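For reference, the structure is listed below as structure tokens.
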Amino acid sequence: MARGMIRLSKSCLGEEEKKAVCNVLDREFLGMGDSVLEFERLLSNYFNRPVVCVSTGTAALQLAIQALGIKKGDEILVPTMTYVASFQAISANGAKPVPCDINPESLLIDLSDAEKKVSSNTKAIMPVNYAGDPSDLTEVYNFAKKFNLRVIQDSAHAFGSKFNDKLVGSFGDISCFSFDGIKNITSGEGGCVVTDDIEVINNIKDSRLLGVVNDTVKRYSGNRSWIFDVKSQGWRYHMSNIMAAIGIEQFKKMEFFSKKRKHLAKYYDKLLISREEVNFFNRNYDNINPHIYVVRIPGLRDRDKLIKIMNEYKIQIGIHYYPNHLLSYYNNIKTTLRNSEILFQELVTLPLHPDLLVEDVKEVVTKLVRAIKLIRH
Ligand SMILES: *Cc1c(COP(=O)(O)O)cnc(C)c1O
């Protein structure tokens, strides 16, 4: 990375994380043990609900789906505007991700489109709290009730976001979070499932460790089982003590990170409100802990060139996301999702992370406006 580059996103780590990892290394117990148990307890207190930690956010989604008994032939409604992880977690279970269009105002799932796609095979809906925004959840849960569906929230962007004064994850059916390197907090790689459904929690405690029955309890008490039973397909998707040690330190910094993200997003809004060439999305950053800051540039034709010019200005910008229904693996039914296909071409993601400065935000906006003028001439 060139020096002076304003990065799109990054991990924000300090001495605390380094020390915590070294402590784990010194104890010479790297796998799943006391640090993971402690991280799960912290998270469980935070959400006031049972939590199970796993190796990635994708694993959290995949195992949550498996725990519901969703399998080949079953369908899950999911917005096309998401990271491919949401789709892969569904297809990993043999189930079919049914791509739905998005609401152009919020970039969240368009439930009127989803309604057209409900079939007798539909078992669940996977709303994505895009950019950390959970504001459609009342409608999503009403929809799920109407069609008798389970809800698996892809809350990978929404750690620390609130909805009606309640933390995302502390209410609803099942919420899955990611702690990958650039998410709101990180454990290096990692994720967790939060739910009141104890059957789901217990199922994942086994499935994350190759399906070995009750291995979690035995490992936490230092008595790994040598003679055991396996009753279902499992995976090596557990979290390690190294990861959890990072996660615990990051969790302590959560309020600080969240304050910064919210402050920077509000500042972007403030600078952009008077700019005709750039539209932002109306989100309430008193409640939302923004994972990404996405803008729409109406009439944008040559986004590649925009990205290139911004890079020359030493500013990284990104795209969230290429619609999943256009990917070869998922476009076998040749769906057209108009809003997503039109909007997608005009979206860019601007830098946002806790180490970003207010001056950086100013510079990003100035340079973005300059770059747009350049490509329009
Ligand atoms: C990051 C992310 C995931 C998956 O999380 P990983 O920890 O990277 O596996 C899932 N969905 C969305 C929307 C994400 O951004």
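For this chain, numbers begin at 1 and follow the sequence in order. Numbering of ligands and ligand atoms starts at 1, following listing order. Small disclaimer: the values here were computed from a predicted structure and weren't measured.
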What are the atoms of ligand 1, with element, lying closer than 4.0 Å to any heavy atom of T56? 7 (O), 9 (O)
Looking only at atom types and distance, does a side-chain atom of E38 sit under 3.5 Å from a main-chain N or O of D34, one as donor and one as acceptor? no
In the protein, which heavy atom is nearest to atom 15 (O) of ligand 1, and how far is it? H157 NE2, 2.9 Å
Applying a strict 4.0 Å limit to heavy atoms, is E189 in contact with ligand 1? no
R301 CZ: over 12 foreign heavy atoms closer than 6.0 Å: no
Rounded to the nearest 0.5 Å, the NZ atom of K252 sits from the CD atom of E249 at a distance of 3.5 Å
Closest non-hydrogen atom pair between R261 and P354, with its separation: NH2-CD, 3.9 Å
If the contact criterion is a heavy-atom separation under 4.0 Å, does Y321 count as touching ligand 1? yes
Are R303 and F344 in a cation-pi setup, meaning NZ or CZ lies under 6.0 angstrom from the ring centre and within 45 degrees of the ring axis? yes
heavy-atom search around atom 8 (O) of ligand 1 in the protein gives D180 OD2, 2.8 Å
Can you tell me which residue and heavy atom of the protein come closest to atom 9 (O) of ligand 1, and the distance to 0.1 Å? T58 OG1, 2.5 Å
Should Y83 be counted as touching ligand 1, given the test is an N or O pair under 3.5 Å? no
Any sub-3.5 Å donor-acceptor pair from T216's side-chain atoms to K205's backbone N or O? yes
Strictly under 4.0 Å, does any heavy atom of A60 approach an atom of ligand 1? no
Under 4.0 Å from one or more heavy atoms of T82, ligand 1 contributes atoms 13 (C)
Rounded distance [0.5 Å steps], NZ in K123 versus CG in L68: 11.0 Å
Proximity of H291 to ligand 1 by residue part, where a heavy atom lies under 4.0 Å: neither
Below the 3.5 angstrom mark, is there an N/O of L61, backbone or side chain, next to an N/O of ligand 1? no
Nearest-neighbour protein heavy atom for atom 1 (C) of ligand 1, which is reported as residue plus atom name and distance: K183 NZ, 1.5 Å
With heavy atoms only and a cut-off of under 4.0 Å, state how D154 meets ligand 1: side chain, backbone, both or neither. side chain
Which of the atoms of ligand 1 are close to A85, meaning less than 4.0 Å from one of its heavy atoms? 3 (C), 4 (C), 10 (C)
Near G190 (heavy-atom distance under 4.0 Å), the atoms of ligand 1 are 7 (O)
Give a yes or no on this: more than 12 heavy atoms of other residues, nucleotides or ligands lie within 6.0 Å of atom CZ of R338. no
Inter-residue atom distance L356.CG - S9.OG, 0.5 Å rounding: 10.5 Å
Could you check whether atom CD of E199 has more than 12 heavy atoms from other residues, nucleotides or ligands sitting under 6.0 Å from it? no
